[in-house]
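A short write-up of the structure that comes next.
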There are 2 protein chains.
Amino acid sequence: MIASDEMTKATGRETEGRRERKRRQTRERIEQAAISLFLERGFDVTTVEDIAERADVSKRSFFDYFPSKEDVVFAWQDGFAEHLMRAIASRPLDEPVVKAVQYGLTSAIVSAADERALRLGELIRRTPVLNARDQFKYAKLEAKLTEALKARSRSEKESERMRLLAAVVIGALRVASERWAAQPPGGSLETFAHRFFADFWKTLIDFGNEGLQIRPD
Amino acid sequence: MIASDEMTKATGRETEGRRERKRRQTRERIEQAAISLFLERGFDVTTVEDIAERADVSKRSFFDYFPSKEDVVFAWQDGFAEHLMRAIASRPLDEPVVKAVQYGLTSAIVSAADERALRLGELIRRTPVLNARDQFKYAKLEAKLTEALKARSRSEKESERMRLLAAVVIGALRVASERWAAQPPGGSLETFAHRFFADFWKTLIDFGNEGLQIRPD
DNA sequence: TGATAATATTGCACTTGGTGCAAAAATTTA
DNA sequence: TAAATTTTTGCACCAAGTGCAATATTATCA
């Protein structure tokens, strides 16, 4: 139990008994074994037995730590949605939603982008079944974002707009992550995000204006 | 072989030998058996053997017609992307892209929305694994749309904008399908689509304007 | 400390989706 | 009718995942 405070590596070591510690260690061992095997050989050709063997646990135990093979790849991402929710909730209520979203997303992105994320991103991109699941993650993220935004809105009308904002902004997130991956590495992610969003809002206006010109054929 | 001309029910019956005819009939039998079982009992609890039995073929033969259980649900959707591509390609090149997209999408939606689509939509919505795959479909659709739009654009700059347009518009499609499903049935889909888009473009402008106000904290 | 309760780990049998292959059945062609 | 082609099937097999009961480990408390 209690996977809630994995962040308490330094602070809560006193309260972490042998049981919790061993369980955490085992989980980390499994995760490391799995990821390294995935990167070495590929996701599909790596069997759960391979992973279990390298992590020195039984195949059955693997499923006691992760509900599926795929979940090993995506477990670390779980924090992203939570971070985003918290970041948005922490913005002042009188702030324009769009601004709250931009800052929330930027904060979540920056905190999630590390070395491992890049390598896993590569793996996900070149593995169809992981790719599919990644899209599902975006959908769930969109749902959570919608929820967070609706919580800020006062009218029904505004709520409907928030659903649209979430959809549009998660779409932007997908594009942004593509562009960031295609960029020469080393740049500042904050700067990139800021520029991307600025361009994005401008482009939205262009699209909107073009769309408003449309008259029935 | 030859799944290419399934539309030739009336016209090409002379050229369709016993082999092709039986194969088509078997495929339809399997599909019907599967869908009806999915709707009766649910997707997860229906086994391929159940389907094969109701369709009176062997389990092995099922996989000769469909690569996976999920594919039975999504096979019919394959036409959507093609229709969209064709619809967009048929719009005049000097037409604003946004207009071409709106009309292309509307056309594809209208042609795809039938009785079966609604019931399958319900099934997909309440079955997580199908839901995931559905999201993947959207992603692939987005990729195809991007491709179609980039084919229309002349500059690199414009190409990048097209990637954004595709993302934003497919996001809109997701929201639109939600709203349509939540609506009292019986209305005109064309009218609904037209109104939705009009509202959508206006909302984009609002979001864009809000976004442009953002200054660094 | 030692007994006992709680939890973690494992082995094992089982179900299901999916594939490869070769034999058998149906269909077309000569 | 015989030969060639395609379809269908049976069968053995692999891998993901689950349920369950037995065992081992750790925590608790008298």
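Numbered from 1 within each chain, the chains take letters A, B, ... in sequence-line order.
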*Do A:Ser61 and A:Asp64 have a side chain donor and acceptor closer than 3.5 Å?*
no

_Test item: side-chain donor near acceptor, B:His194 and B:Thr106, under 3.5 Å_ = no

*Report yes if the side chains of A:Gln135 and B:Lys140 come closer than 4.5 Å at any heavy-atom pair, otherwise no.*
no

*Using whole Å, report how far CZ of B:Arg21 lies from C1' of C:dA26.*
14 Å

_Side-chain donor-acceptor pair present, A:Thr47, A:Asp50, cut-off under 3.5 Å_ = no

*asked:* Rounded to whole Å, how long is the line connecting atom CZ of A:Arg29 with atom C1' of C:dA8?
replied: 13 Å

*A:Arg54 and A:Ser36: side-chain donor and acceptor closer than 3.5 Å?*
yes

_Strictly below 4.0 Å: does A:Arg23 bring a side-chain N or O up to OP1 or OP2 of C:dT9?_
yes

*Answer yes or no for A:Arg91 and A:Tyr103: cation-pi contact, defined as NZ/CZ to six-membered ring centre under 6.0 Å and angle to ring axis within 45°.*
yes

*asked:* Which label fits B:Phe197 and B:Phe200: parallel for a plane angle under 30°, tilted from 30 to 60°, or perpendicular past 60°?
replied: perpendicular

Polar pairs (N or O, both sides) under 3.5 Å between protein and nucleotides 24-26 of chain D?
from   : atom 1 : to      : atom 2 : distance (Å)
D:dT25 : O2     : A:Arg19 : NH2    : 3.3
D:dT26 : OP1    : A:Lys22 : NZ     : 3.1
D:dT26 : O2     : A:Arg19 : NH2    : 2.7

*By a strict heavy-atom criterion of less than 4.0 Å, which residues belonging to residues 119-135 of chain A are in contact with DNA chain D?*
none

*asked:* Among residues 43-68 of chain B, which ones have heavy-atom contacts with DNA chain D below 4.0 Å?
replied: B:Val57, B:Ser58, B:Arg60, B:Ser61, B:Tyr65

*For the pair A:Glu156 and A:Lys150, find out whether any cationic side-chain nitrogen is under 4.0 Å from an anionic carboxylate oxygen.*
no

*asked:* Do A:Arg133 and B:Phe136 form a cation-pi contact, if we require the NZ or CZ to be under 6.0 Å from the six-membered ring centre and within 45 degrees of the ring's axis?
replied: no

*Given the side-chain rings of B:Phe207 and A:Trp201, with only the six-membered ring counted for Trp, is the space between their centroids under 6.0 Å?*
no

*Can you check the A:Glu70 CD to C:dG17 P distance for me, whole Å?*
16 Å

*For the pair B:Glu82 and B:Arg86, find out whether any cationic side-chain nitrogen is under 4.0 Å from an anionic carboxylate oxygen.*
no

*B:Asp71 has an atom CG; how far is it from atom C1' of C:dG18, in whole Å?*
12 Å

*Specify the separation, in whole Å, of atom CZ of A:Arg27 and atom P of C:dA8.*
13 Å

